[in-house]
4 protein chains.
Amino acid sequence: MPKLGMEPIRRDALVKATIAEVGAAGSLDVTVSRIARRAGVSSGLAHHYFGGKEDLLVAAMRHILTGYGAGVRSALETAVSPRDRLVAILAASFSPEHFEPHVITAWLQFYLLAQTNPGAQRLLRIYHARLHANLVHALRPRAGARAPEIAETAAALIDGLYLRHALGARPARPAPDLRVLAMIDSLLVNA
Amino acid sequence: MPKLGMEPIRRDALVKATIAEVGAAGSLDVTVSRIARRAGVSSGLAHHYFGGKEDLLVAAMRHILTGYGAGVRSALETAVSPRDRLVAILAASFSPEHFEPHVITAWLQFYLLAQTNPGAQRLLRIYHARLHANLVHALRPRAGARAPEIAETAAALIDGLYLRHALGARPARPAPDLRVLAMIDSLLVNA
Amino acid sequence: MPKLGMEPIRRDALVKATIAEVGAAGSLDVTVSRIARRAGVSSGLAHHYFGGKEDLLVAAMRHILTGYGAGVRSALETAVSPRDRLVAILAASFSPEHFEPHVITAWLQFYLLAQTNPGAQRLLRIYHARLHANLVHALRPRAGARAPEIAETAAALIDGLYLRHALGARPARPAPDLRVLAMIDSLLVNA
Amino acid sequence: MPKLGMEPIRRDALVKATIAEVGAAGSLDVTVSRIARRAGVSSGLAHHYFGGKEDLLVAAMRHILTGYGAGVRSALETAVSPRDRLVAILAASFSPEHFEPHVITAWLQFYLLAQTNPGAQRLLRIYHARLHANLVHALRPRAGARAPEIAETAAALIDGLYLRHALGARPARPAPDLRVLAMIDSLLVNA
DNA sequence: AATGAATGAGGATTCATTCAT
DNA sequence: GATGAATGAATCCTCATTCAT
């Protein structure tokens, strides 16, 4: 008697197990078997549902990015002023769940995967584009034509702070979002 | 007597082959055999001289960082004013040879290695500390007590721009060093 | 559902192939691949079930010792007098199947393994303790307090005769069990 | 300027290093490089002098057996009565230097080598024959025609006690030589 | 005589993937 | 749908051996 409706449950369990396992290992050198065991299923099932290891990794990446996107959206909903929007984006980018060690590690690993895997690359481009669009939209009223350029600098700073954190640097003071905000404000002032 | 003095030659060839191979593959998944073949020696020799695959990778990382350090030092020698120093550091950080695809890729890969390999981690810490010290030294005259904080932001921006470049983003306009410089200037003005 | 219940079958086949292969080679320098091929499976499976080469060797050792233990037990069941017990132990110790070349060779090789492998060492201790206990039990009625000492001498003689046989000495006259028996009787007479 | 007369010194150093290394490792899995390093020469020289690894091992075995033979001879020189001869042989067989861990281990390992290496086998046969001849000669006056048989049992007991010691059994009480002597005496009494 | 350099075959081990049931 | 069985290619690493100098 096959259980019905198990597929989404299994897929979800596998994706979460992948993130956890990648984070725990601190590397993409994770075996499908380990992931499957953590998800409580056989390794064969992982292939059955995802086709292969990389596809599983990409699915995990998509999961993270989706969560990030949802976070930004919900944060933006309550924002009124342009500056509110900026604060919301930064808050979402540096929300605590993103800084959980296993997530930040997974994120970094996926960066790498994107260098060889088209699916991962596509996802990353979408993330970049979305972040850029959000920033530009929030900056436009105050920065005008300089919005794209400042958005790019801000995005780079976000990633750089992330990277440093992932590499074990002492947590920055002030908090990363405030730091980015300060930089943006500074750039805006010196038009 | 045997052919003497081959060791440094072989080590050098193997290190360079490692960088080239890692860069070409876009990943650390490079076999020792391929590296050795590119260096024109047997795989056994690579182990003989370096002990293992990771040690070889760390040696390659050290090679890159040494080159970077030398670049900064020589650039700083001709600097007079604090601002010259800043420009020199940034120019070295974003010098063209650092942006050669296989170097930038290798760099990124080594970031990853640093998450599991102690030797790599140590190297990375040294690089971070040195960059920080250089920036603080150049900023002190103009930034005073704010120097460390601004140095951290600048370092993060440098890494972030690097990362984005490695991930295939369109080359930034203006050039990354000018962008960092502008940001620093902006922060300095708004004391 | 998959083909079930193959594990014990494979394990058994691999263990027997190990004994055969070690015996045939006259040394522990046997490759896992050869063992696996003889067992009709892939080398990967051997690792899957046993974890590694040494564990496979230890499992083979255990198989031999288990067979020996069973032989002694069944021989002891029909023994009535103490002397019967002694004869039974010796008969089992020198039973023909123990003198099959590949078994005796494997046995000797395992002695060696026991010098470095904890699992093998444990097994060997168990064998020693069991043989000693059996001998003491059989000797007690006739030897009293001297039983342990005579048992030790007898055990050493058993192993020595075995060793010499393994090393290619001409088969002893009279048969080894009778020889040990004669020695024990002699020691018992000269209280 | 090649040093003259170095050959015997080198050979000797290599042989001793071999015994030490085999004993230390508790196995024949010793690399030629390690042996050479311990002897203070290059691995190439070991091959130059001995031709190969096994030949080096056989040479080490010969060294041990030669020492044993010399010990027996010198011990026999002062023996007067047949029983003295017996005591002398046993004392030499169980002399302390034979029970040094690395020697006893090497000895056991060489047993193994003898199963595949003709040179080692030949040496072992010589050792067996010599021990047997010595024992028979010492036993003849008291045992007459039974001398060969008793000699065989004694030899087996010697090897068995050795083996047990090598395998880590608690040192026997009484001392092994006395134990063998007691057994022989017992067999002689019960003609 | 002696060495360091260099090789390359060989082996243990790992793992993604496939498949019969 | 789900599993355990099984494979075998791939890779790191070791080491005896050879060789030019």
Side-chain angles (χ1 to χ4, degrees), chain A residues 1-7 9-10 29-36 40-56, chain B residues 1-7 9-10 29-37 39-56, chain C residues 1-7 9-10 29-37 39-56, chain D residues 1-7 9-10 29-36 40-56:
Chain A
M1 48 179 149
K3 291 170 196 162
L4 292 180
M6 290 304 285
E7 172 155 355
I9 297 172
R10 299 301 197 196
D29 280 342
V30 183
T31 71
V32 172
S33 295
R34 286 185 66 88
I35 293 172
V41 300
S42 72
S43 72
L45 201 63
H47 283 88
H48 181 67
Y49 278 134
F50 289 92
K53 188 189 185 180
E54 294 220 329
D55 308 81
L56 182 51
Chain B
M1 275 180 238
K3 222 181 332 179
L4 287 177
M6 291 306 286
E7 175 157 353
I9 297 173
R10 297 309 191 194
D29 279 343
V30 183
T31 70
V32 173
S33 295
R34 285 186 66 89
I35 293 173
R37 196 177 319 137
V41 300
S42 72
S43 72
L45 202 65
H47 285 92
H48 179 64
Y49 281 130
F50 288 92
K53 190 188 181 180
E54 294 219 330
D55 307 80
L56 184 49
Chain C
M1 275 177 236
K3 224 184 326 184
L4 287 178
M6 291 306 286
E7 175 157 353
I9 297 172
R10 297 307 192 196
D29 280 342
V30 183
T31 71
V32 173
S33 295
R34 285 185 67 88
I35 294 173
R37 196 178 316 137
V41 301
S42 72
S43 72
L45 202 65
H47 285 91
H48 179 64
Y49 281 129
F50 288 92
K53 189 187 182 181
E54 294 220 330
D55 308 80
L56 183 50
Chain D
M1 45 180 152
K3 292 167 194 165
L4 292 179
M6 289 305 285
E7 173 155 355
I9 296 172
R10 299 301 197 197
D29 280 343
V30 183
T31 71
V32 173
S33 295
R34 286 184 66 89
I35 293 172
V41 300
S42 72
S43 72
L45 201 64
H47 284 88
H48 181 67
Y49 278 134
F50 289 92
K53 188 188 185 181
E54 295 220 329
D55 307 81
L56 182 51

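In what follows, chains carry the letters A, B, and so on, assigned in the order in which the sequence lines appear, proteins first and then strands, with residues in each chain numbered from 1.
- dA5(E) atom P lies 6 Å from atom CD of E7(B), rounded to whole Å.
- At the heavy-atom level, Y49(D) lies under 4.0 Å from the strands shown only through sugar-phosphate atoms.
- Of the listed nucleotides (dG1(F), dA1(E), dT3(E)), dA1(E) has the atom at the smallest distance from the side chain of H48(D).
- Rounded to an integer number of Å, the gap from NZ of K53(A) to C1' of dT14(E) is 11 Å.
- What separates CG of D55(A) from P of dA16(E) is a distance of 13 Å, to the nearest Å.
- Within the 4.0 angstrom heavy-atom criterion, only backbone atoms of the sugar-phosphate kind lie near T31(A); the bases stay farther away.
- Heavy-atom minimum distance, V32(B) versus S43(B): CG1-O, 4.2 Å.
- Relative to the side chain of M6(A), the nucleotides dA6(F), dT3(F), dG1(F) differ in distance, and dG1(F) lies closest.
- Taking a pair to require two hydrogen-bonding distances under 3.5 Å in either a Watson-Crick or a G-U wobble arrangement, dA16(F) pairs with dT7(E).
- To the nearest 0.5 Å, the span separating CG on D55(D) from NZ on K53(D) amounts to 12.0 Å.
- Nearest-nucleotide positions on DNA chain E for S42(D) and G40(B) put S42(D) closer to the 5' end.
- Atom CG of L56(C) is separated from atom P of dG11(E) by 16 Å (rounded to the nearest Å).
- One atom, CZ of F50(D), and another, C1' of dA1(E), lie 15 Å apart when rounded to the nearest Å.
- Whole-Å rounding puts the L45(B) CG to dT7(E) P distance at 6 Å.
- Ranked by how close their nearest DNA chain F nucleotide is to the 5' end, S43(C) and S43(B) are led by S43(C).
- Shown here for M6(D) and Y49(D), the closest heavy-atom pair between the two residues is C-OH, 4.4 Å.
- Residue G44(B) is the one, among S33(A) and G44(B), whose nearest nucleotide of DNA chain E lies closer to the 5' end (criterion: closest heavy atom).
- Separating the NE2 atom of H47(C) from the P atom of dT11(F) is a distance of 18 Å, rounded to the nearest angstrom.
- Of the nucleotides present, dT13(E) is the one that pairs with dA10(F) by Watson-Crick or G-U wobble criteria, both distances under 3.5 Å.
- If you check dT7(F), dA16(E), dG1(F) against the side chain of V32(A), the one that comes closest is dA16(E).
- Between R10(B) and dA5(E) there is no side-chain N or O to OP1 or OP2 distance below 4.0 Å.
- The distance between atom CZ of R34(A) and atom C1' of dT17(E), rounded to the nearest whole Å, is 19 Å.
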